[in-house]
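Chain letters run A, B, ... following the sequence lines, proteins first, then strands; residues in each count from 1.
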Amino acid sequence: MIRIAAVGDVHFGEDSGGTLRPHLERLPERADVLLIAGDLTRIGTIAEARVLVEELDGVGVPTIAVLGNHDHHSDQAPQIRALLEDAGIRVLEQEATTVPVNGACLAVVGAKGFGGGFSGSSGTAFGEPEMKQFIRATEAAAAGLESALRDCAADARVVLLHYSPVKETLHGEAPEIYPFLGSFLLARAVDTAGADLVIHGHAHGGAEKGVTPGGVRVRNVAEPVIRESYRVYVLDR
Amino acid sequence: MLALDPRLGELDVHAKVVNHDIYLRGCVTTDQRREAIVYTVAELYPDYRVHDEIGVVHPVEGHGGEQLT
């Protein structure tokens, strides 16, 4: 049995100290690992990330994160990543890490992902250079995700994203902004390489549960969606 | 407006403008956050009356779980 606690979009600010930690005290009793699905900060400053690092200090389970679009806003993403990793929080971008859990091996494959939209109404790498750059960034993210998934062998494989791979978990958001919330290319990468579960955030107004076209469960754990400090998913391994 | 302001980056509060009134609605997780949003909007739009209708919802400890078979 592998118990995965997950939350996204905690959006820590410099005034957020003490808001999360009291709700994590029992985490080691309830979960084997904590995944954070991006948007750790409000505007992507080192000061905000430092508050979150202090909040997660000694949390008692391995903690793995991806960065989100807000974490890039102040152009300090590399420094934020370094700060988190120095504190023992593994940050993934188109790469994998493994965690031993009760004699089994859990692999977490993480990437921020990007937008572009979904099958039937997605953007294409056509026309202006800016449009090509946008879609090619998503194509590269999906290719990197697929490659990292292919390269990792484990008893269970969980994909950690910020952007959504499916439309279902966006329901509740305005359809006009779906292309900025995720891309079907991410789901295609997951279905091609295989996974047991996809965790993502980003869509505050979306829904928790979805599934890829290939049948992989997708869960949107944005804090405004789950309305608790984390949600636990249990894989029978 | 609130999402793009560099001091806020707020996604969960929306502003509705009616004549010279701004109504702020949505949910945040701390009282300090609510106060910061109201203060910032009032500073940005001094000629408007700002109405604070923001809710504060404190995240609770995770209790929900799902068995994936």
Query raised in the report: Given a strict heavy-atom distance threshold of 4.5 Å, which part of A/R219 is in contact with chain B: side chain, backbone, both, or neither?
Result: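 When you check distances to chain B, only side chain atoms of A/R219 fall under 4.5 Å.
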Requested in this report: Please look at A/L235 and chain B and tell me whether the side chain, the backbone, both or neither of the residue comes under 4.5 angstrom of a heavy atom of that chain.
Outcome: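 Backbone plus side chain of A/L235, per the 4.5 Å heavy-atom cut-off to chain B.
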Query raised in the report: So which of A/H70, A/H73, A/M1 has the biggest tally of heavy-atom pairs under 4.5 Å with chain B?
Result: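 Maximum pair count with chain B is reached by A/H70.
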Query raised in the report: Below 4.5 Å, heavy atoms only, C-beta onward: do A/E223 and B/T29 meet side chain to side chain?
Result: yes
Report task. Check the surroundings of atom CZ in B/R49: do more than 12 heavy atoms from other residues, nucleotides or ligands lie under 6.0 Å from it? Result -> no
**Report entry** Atom of A/P224, atom of B/D12 and distance for their closest heavy-atom approach
**Finding:** CG-OD2, 3.6 Å
Query raised in the report: How many angstroms lie between atom CG of B/L68 and atom CG of A/L197, to the nearest 0.5 angstrom?
Result: 5.5 Å
Query raised in the report: Looking at NE2 of A/H204 and CG of B/L11, how far apart are the two atoms once the value is rounded to the nearest 0.5 Å?
Result: 5.0 Å
Query - Audit row: A/R217, B/E66, side chain to side chain contact (heavy atoms under 4.5 Å, CB included) steps and yes/no - result: CA-CA 12 Å; A/R217 263 79 59 94; B/E66 179 184 1; 5.6 Å; no
Requested in this report: Specify which of B/Q32, B/Q67, B/R7 makes the most heavy-atom pairs with chain A at under 4.5 Å.
Outcome: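 Going by pairs under 4.5 Å, I would pick B/Q67.
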